[in-house]
Amino acid sequence: MYAGPAAAAAAAGPPRRDFISVTLGPEEAVGAGGYNNSKAWRRRSCWRKWKQLSRLQRSIILFLFAFLAVCGVISYTSMGEAWKSLTNKSLDDQRTEQEIPGVKLANPAVLPAPQKADANRGDYPELSPQKQPNPPHVRRGPSNLQIKAPQRDTRLKTRHSTLRAVGEPVQTDKREKTEKSVISWRGAVIEPDQNTEPPSSKIKEPEKPSSVETEDQKEPVPINERQLAVIEAFQHAWRGYKDFAWGHDELKPLSKSYSEWFGLGLTLIDALDTMWILGLKEEFEEARKWVANDLVFDKNVDVNLFESTIRILGGLLSTYHLSGDSLFLEKAKDIGNRLMPAFKTPSKIPYSDVNIGRGTAHPPRWTSDSTVAEVTSIQLEFRELSRLTGDEKFQKAVDEVMKHVHTLSGKNDGLVPMFINTNSGQFTHLGVYTLGARADSYYEYLLKQWIQGGKKENELLEDYMRAIEGVKKHLLQRSAPRKLTFIGELAHGHFSAKMDHLVCFLPGTLALGAHNGLEADHMKLAEALIETCYQMYAQVETGLSPEIVHFNLHAQKGHKDVEIKPADRHNLLRPETVESLFYMYRFTGDKKYQDWGWEILQNFNKYTRVPTGGYTSINNVQNPSNPEPRDKMESFFLGETLKYMFLLFSDDIDLINLDKYIFNTEAHPLPIWVPA
Ligand code: DMJ
């Protein structure tokens with residue numbers, strides 16, 4: 001029917017291999033004024049028009065087409081990403097909802113893809129990048145808990161509700177639900193991700209949850225009455241912080257306001273992993289939102305390297321490990337990078353202060369010294385950051401400090417002075433030795449780094465063992481009348497019977513060392529010292545320890561072992577004794593340690609609890625009728641004191657298993673790289 005055009009085309013020469021010959025038939029109709037919208041006609045007419053255009057016009061059109069094509073490709077890619085993340089999120093939501101009915105995990109279960117390790121990582125033997133953690137709830141957990149309902153004592157539930165809801169109607173169902181979710185949620189996740197692979201191995205993609213590993217399931221240990229009391233105390237403290245200090249560093253519970261130190265929400269960050277461990281899902285979710293939306297490190301602010309490392313970096317890293325939520329790792333990387341300028345000193349001994357917005361660092365205004373405990377107690381955190389990111393610079397910087405301090409003269413049988421110069425790299429103010437402020441956590445981190453790294457770094461162990469011998473030789477004494485073993489101080493050859501409450505970390509550290517195979521007499525010493533630390537509470541009118549005590553060396557009628565000077569009788573809600581009680585109970589199972597901790601908690605409730613929310617430091621532990629509240633709740637009360645209380649009262653050795661985790665000096669658990 002439409003042969004005409006085909007014939008014309010044939011006459012014009014060899015037919016072009018195109019569709020025109022077949023489909024151009026309706027052209028006549030067009031010529032007759034009929035409507036023709038066939039594809040072929042449109043193509044040919046376009047082609048004709050194209051030919052009629054000038055070269056310039058054609059170039060412009062081609063350029064426009066190219067431009068539009070590029071735009072199209074770009075927007076397609078970014079929409080794809082957005083779509084993917086939306087889809088992932090909803091999948092995660094579905095997954096968590098499925099695994100614990102009615103309980104939505106705070107952990108979004110999307111695990112991070114850590115940065116690639118530097119090419120030369122092989123030069124650095126201790127560094128081994130982290131294998132991506134399995135989403136925690138795959139290992140132990142929710143599905144299991146659904147099958148076997150946790151055994152719980154109904155009496156305890158009732159007590160919990162009384163504590164939580166004074167003046168509120170009792171709602172048994174709601175209460176039961178809350179408690180169930182608390183147990184499931186927390187019990188599901190406390191497994192560290194350790195990596196024993198050689199450092200050269202590549203960082204792996206996150207493993208997708210496939211099935212529950214049945215061998216790792218176990219009956220959850222029910223929360224007991226004392227733990228519930230800790231949860232109640234935490235919630236009371238948190239309420240004060242939330243109402244009056246949200247997003248600020250510290251709560252001032254009496255004036256119902258806050259104080260700022262770094263302006264980085266210190267209490268909130270310090271408390272994150274405590275909430276996780278206590279199973280406080282709602283509080284955790286809310287705090288997580290603040291971290292996601294409001295925590296900004298790009299600020300023109302000077303922060304103390306040590307404090308921000310142990311509280312912020314440590315808190316973010318441990319929360320990342322417990323929750324598997326990559327938000328916390330991203331934030332940890334950010335603050336870790338911003339702290340690095342501190343190490344740019346002539347000696348590589350870091351400055352005390354860093355401006356995290358400007359990237360500058362400096363010592364305190366009055367000196368070029370740094371504190372020994374500060375520069376030697378940032379290692380667990382920076383080493384872990386290197387392992388997670390594959391970026392060796394963090395570990396390199398802090399290892400260099402330890403190696404340098406290892407070689408320094410000025411020690412006394414392993415005991416170190418309190419200051420070190422950032423220019424010369426030498427100890428200063430020689431001749432004064434303490435296990436209290438400014439030196440304490442040097443000793444703690446020697447042992448803990450050795451454990452963290454799989455007990456291979458012998459210099460750390462040597463320094464630790466030597467130091468404990470130094471303690472025994474120079475600082476150990478017994479008081480009168482009760483012959484309490486205590487640790488004093490040495491100043492230019494003179495012994496002083498002064499002991500900071502801070503020193504009470506030592507029994508716990510000694511016990512941890514003994515548990516890890518060090519000499520049994522370390523455990524004996526730990527037992528003697530923890531008794532002393534307890535007496536620092538028990539012998540005081542409020543049952544709370546002062547900041548510093550002086551021990552009597554000679555019996556005097558009417559005098560106890562512990563003397564307190566007026567300037568030292570404050571209590572800052574510190575954790576060290578409770579921390580050591582926790583280690584002692586874990587390793588001995590002796591219930592007296594739990595009972596001692598319980599007494600301490602009750603006395604905190606009696607003398608430091610502010611009815612409108614929060615707890616406060618007090619000025620006078622010797623005056624029960626007026627302990628003189630100071631109007632400040634330190635972040636470590638939530639980060640450490642209450643966390644260690646909760647763990648002390650627990651009979652579940654897997655609730656932060658000490659063969660798998662090592663606590664930093666702010667009570668943030670980090671994985672042991674090669675578990676025992
Ligand atoms: C905490 O910040 C840390 O435990 C540090 O090591 C010592 N001081 C406080 C708690 O007392």
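Both counts, for ligands and for their atoms, begin at 1 and track the order of listing. Values reported hereafter were calculated over all heavy atoms of this structure, with side chains retained and with hydrogens, waters and symmetry mates removed.
Among all non-hydrogen protein atoms, the one lying nearest atom 8 (N) of ligand 1 is Arg574 NH1, 3.5 Å. Closest to atom 2 (O) of ligand 1 among all protein heavy atoms lies Glu666 OE1, 2.6 Å. Scanning all protein heavy atoms for the shortest distance to atom 4 (O) of ligand 1 gives Thr665 O, 2.7 Å.
Between Asp440 and ligand 1, no N or O atom pair is found at a separation short of 3.5 Å. Of the N or O atoms in Glu444, none lie within a sub-3.5 Å distance of an N or O in ligand 1. Every N/O-N/O distance between Ser441 and ligand 1 stays at or above 3.5 Å.
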Report the C-alpha distance between Val354 and Arg338 in whole Å, list the side-chain angles of each, state the deciding distance to 0.1 Å, and finish with yes or no for side-chain contact (heavy atoms from CB on, under 4.5 Å). CA-CA 8 Å; Val354 193; Arg338 288 170 187 280; over 6 Å; no

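Taking the six-membered ring for Trp and thresholds of 30 and 60 degrees, Tyr615 and Phe637 have ring planes inclined between 30 and 60 degrees apart. Taking the six-membered ring for Trp and thresholds of 30 and 60 degrees, Trp276 and Phe284 have ring planes more than 60 degrees apart, a perpendicular arrangement. Note on ring orientation: taking the six-membered ring where Trp is involved, the planes of Phe587 and His515 are parallel (angle under 30°, cut-offs 30° and 60°). Between Phe486 and Phe495, the angle of the ring planes lies from 30° to 60°, which puts this pair in the tilted group.
In plain terms, the two heavy atoms of His522 and Ala514 that are nearest each other are CB-CB, 4.5 Å.
Residue Glu640 touches ligand 1 through its side chain alone, judged by heavy-atom distances below 4.0 Å. At a heavy-atom distance under 4.0 Å, only side-chain atoms of Glu576, from C-beta outward, approach ligand 1.
Under a 4.0 Å heavy-atom criterion, Arg311 is in contact with ligand 1.
A 4.5 Å side-chain heavy-atom check between Thr376 and Tyr445 finds every atom pair outside the cut-off.
Atoms of ligand 1 found under 4.0 Å from any heavy atom of Ile310 (numbered from 1 in listed order, with element): 2 (O). Listed by number with element, the atoms of ligand 1 under 4.0 angstrom from any heavy atom of Leu502 are 7 (C), 8 (N), 11 (O). Contact atoms of ligand 1 toward Pro575: 10 (C), 11 (O) (distance under 4.0 Å to a heavy atom of the residue).
By the neighbour-count criterion of 12 heavy atoms within 6.0 Å, atom CZ of Phe649 is densely surrounded, having more than that number from other residues, nucleotides or ligands.
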